[in-house]
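Here it is, the structure in full.
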Amino acid sequence: MSLANLSQAANAKDRVSIFEMGARDGLQNEVAVPTAAKIALIESLADAGLKRIEAGSFVSPKWVPQMADSADVLKQIQRQSGVVYSALTPNVKGFELALDAKASEVAIFGAASQSFSQRNINCSIEESIERFIPLMELAKKHNIPVRGYVSCVLGCPYEGEIAVSEVARVSEILYKMGCYEISLGDTIGVGTPQKARRMLQTVAERVPVEKLALHFHDTYGQALANILACLDLGVRVFDSSVAGLGGCPYAKGASGNLATEDLVYMLHGMGFETGIDLQKLALAGQAISTQLNRNNGSKVATALLAKQNNNN
Ligand SMILES: CC(C)(COP(=O)([O-])OP(=O)([O-])OC[C@H]1O[C@@H](n2cnc3c(N)ncnc32)[C@H](O)[C@@H]1OP(=O)([O-])[O-])[C@@H](O)C(=O)NCCC(=O)NCCSC(=O)C[C@@](C)(O)CC(=O)[O-]
């Protein structure tokens with residue numbers, strides 16, 4: 001991106017929408033997090049101004065035991081009006097459980113890599129699409145919005161490079177099936193800015209850019225740079241995870257999503273509006289990091305909280 005484009009993006013004064021992943025993508029890799037701690041996290045994220053929160057997933061408890069209490073989480077949280085509480089659903093069984101738990105919306109998750117699809121949801125890309133069809137029909141019947149994820153858009157832990165044409169193909173299929181938004185996942189965080197930009201441009205030829213979101217894991221520390229490189233293409237929805245929590249159980253070694261605090265700090269610095277109170281968000285991230293006995297993965301939160309401690 002040229003400097004002129006960058007300043008254009010910075011002057012846009014657009015509102016950016018952040019989809020908070022901490023309670024799902026973040027905690028799906030952590031063992032034995034008490035249900036009460038998940039609920040406290042979600043409630044504190046909503047208090048900090050997040051309007052889109054992925055609260056859990058209805059997947060096989062044998063595959064991902066960490067998410068087995070998602071129904072309890074969704075049923076027990078104090079909901080705020082105007083906040084969407086979402087859940088992952090790989091099949092009809094998951095959708096029915098999400099419906100019963102009153103998820104505001106659900107997400108189906110596919111991949112641009114056959115090997116990842118097989119390892120993550122135990123079927124090929126084509127079989128996954130077949131499984132999604134009845135789920136989409138049920139969602140339509142119940143008026144539940146469905147988001148779509150495509151994993152491995154910038155690389156696969158099993159296959160390495162993935163063709164961007166395949167990313168675009170799968171994205172278009174999910175969009176045409178009725179997903180209101182497609183989230184493009186750099187599952188293992190290997191992307192770099194030009195590659196991310198090229199991938200987004202290619203997908204945007206088949207799915208309108210305003211229907212696309214970016215979901216970048218920060219394994220190689222490139223996520224913010226990748227987002228910056230994509231902003232002037234018009235994308236305005238980003239997935240991130242408070243305190244940089246997380247990873248995927250089927251992408252060993254991959255770290256969490258980009259920390260929400262770091263994303264918000266950059267966007268506010270560029271003049272974008274997010275509706276998020278950064279101070280409250282940093283405290284929410286610190287609370288769950290303390291609960292998990294791990295270092296806070298957000299540089300911004302670490303700096304803000306250290307400054308605050310020094311001032312006290
Ligand atoms: C998809 C399946 C279920 C297929 O798993 P399967 O074994 O092929 O499914 P099955 O239909 O043969 O069922 C096997 C057992 O699972 C049960 N089952 C079946 N479905 C459900 C369900 N929905 N909820 C609860 N239980 C379920 C079913 O009832 C049965 O139970 P049993 O008879 O053995 O007692 C399995 O592979 C699975 O659960 N995978 C989970 C994968 C996962 O959660 N991965 C992490 C999330 S994806 C991600 O992190 C990437 C993302 C989205 O963030 C974007 C990015 O970063 O790239």
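Quick caveat, the model's predicted, so the values are computed rather than measured. As the structure lists them, so they are numbered: ligands from 1, and atoms in each ligand from 1. FYI, the numbering just counts along the sequence from 1.
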*At a non-hydrogen distance cut-off of under 4.0 Å, which region of Thr187 contacts ligand 1 (side chain, backbone, both, or neither)?*
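Both backbone and side chain.
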*asked:* Using modelled atom types and a 3.5 Å cut-off, is there a donor and acceptor pairing between side-chain atoms of Arg79 and backbone atoms of Leu74?
replied: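 Yes: the side chain of Arg79 pairs with the backbone of Leu74.
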*Hey, does Lys62 come in under 3.5 Å of ligand 1, counting only N/O atoms on both sides?*
yes
*Under 4.0 Å from a heavy atom of His217: give me the atoms of ligand 1 that qualify, with their elements.*
57 (O)
*Of the choices Val153, Ile121, Val64, Asn257, which has the non-hydrogen atom that lies closest to atom 4 (C) of ligand 1?*
Ile121
*Indicate, as side chain, backbone, both or neither, the part of Ser151 found under 4.0 angstrom from ligand 1 when only non-hydrogen atoms are considered.*
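Near ligand 1, Ser151 shows its backbone as well as its side chain.
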_Location of contacts on Val59 toward ligand 1, heavy atoms closer than 4.0 Å_ = both
*For ligand 1, find out whether one of its N or O atoms is nearer than 3.5 Å to an N or O atom of Cys152.*
no
*Side chain, backbone, both or neither: Met67 near ligand 1, heavy atoms under 4.0 Å*: neither
*Ser60 N/O under 3.5 Å from ligand 1 N/O*: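 By distance alone, the answer is yes.
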_Side chain, backbone, both or neither: which applies to Met21 and ligand 1 if a contact is any heavy-atom pair less than 4.0 Å apart?_
neither
*Could you tell me whether Ala107 approaches ligand 1 through its side chain, its backbone, both or neither, with non-hydrogen atoms closer than 4.0 Å?*
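Answer for Ala107: neither.
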*Short N/O distance, under 3.5 Å, between Gly94 and ligand 1?*
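Checking ligand 1 against Gly94, an N or O pair does fall under 3.5 Å apart.
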*Around atom CG of Asn143, are there more than 12 heavy atoms of other residues, nucleotides or ligands at under 6.0 Å?*
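Count not over threshold, so no.
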*asked:* Under 3.5 Å between any N/O of Leu88 and any N/O of ligand 1: does that happen in this structure?
replied: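 The answer is no, given that Leu88 and ligand 1 share no N or O pair closer than 3.5 Å.
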*asked:* Tell me whether Gln28 contacts the main-chain N or O of Val64 through its side chain, where contact means a donor paired with an acceptor under 3.5 Å.
replied: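 No, because the side chain of Gln28 does not come within donor-acceptor range (under 3.5 Å) of the backbone of Val64.
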*Would you mind running through ligand 1 and noting each atom that sits below 4.0 Å from a heavy atom of Arg24?*
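Here the atoms of ligand 1 in question are 47 (C), 49 (C), 50 (O), 52 (C), 53 (C), 54 (O).
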_Side-chain donor/acceptor of Ser70 to backbone N/O of Ser57, under 3.5 Å_ = yes
*Between Trp63, Phe216, Phe95, Phe116, flag the one that comes closest to atom 7 (O) of ligand 1 by a heavy atom.*
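Ranked by closest heavy atom to atom 7 (O) of ligand 1, first place is Trp63.
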*Contact between Pro61 and ligand 1, counting heavy atoms under 4.0 Å?*
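Yes, Pro61 has heavy atoms under 4.0 Å from ligand 1.
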*Less than 3.5 Å between some nitrogen or oxygen of Asp186 and one of ligand 1, yes or no?*
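Between Asp186 and ligand 1, no N or O pair is found under 3.5 Å apart.
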*asked:* When you compare the side chains of Ser255 and Asp218, does any donor N or O come within less than 3.5 Å of an acceptor on the partner?
replied: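 Judged by distance alone, the side chains do not pair up.
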*Quick one: does Glu30's side chain have a donor or acceptor within less than 3.5 Å of a partner on Gly246's backbone?*
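No: the side chain of Glu30 does not pair with the backbone of Gly246.
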*Taking C-beta and beyond as the side chain, do Ser17 and Arg236 meet within less than 4.5 Å on heavy atoms?*
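Of all side-chain heavy-atom pairs linking Arg236 with Ser17, none is under 4.5 Å.
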*Could you tell me how the ring of His215 sits relative to the ring of Tyr149: parallel (under 30°), tilted (30 to 60°) or perpendicular (over 60°)?*
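Perpendicular: the ring planes of His215 and Tyr149 meet at over 60°.
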*Taking heavy atoms and a distance under 4.0 Å, where does Phe58 meet ligand 1: side chain, backbone, both or neither?*
backbone
*Check: Glu166 side chain, Ala163 main-chain N or O, donor-acceptor pair, under 3.5 Å*: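 The answer is no, because no donor-acceptor pair under 3.5 Å joins these two groups.
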*asked:* Could you check whether any side-chain N or O of Asn296 sits under 3.5 Å from a backbone N or O of Ala301, counting only pairs where one atom can act as donor and the other as acceptor?
replied: no
*Over all heavy atoms of both residues, which pair between Glu54 and Arg24 is shortest? Give the atoms and the distance, please.*
OE1-NE, 2.6 Å
*Would you mind finding which of Lys93, His215, Glu127 brings a heavy atom closest to atom 29 (O) of ligand 1?*
Lys93
*Counting only heavy atoms, which portion of Asn91 has something under 4.0 Å from ligand 1: side chain, backbone, both, or neither?*
side chain
*Check for a donor-acceptor pair, side chain of Glu105 on one end and backbone N or O of Arg147 on the other, with a separation under 3.5 Å.*
no
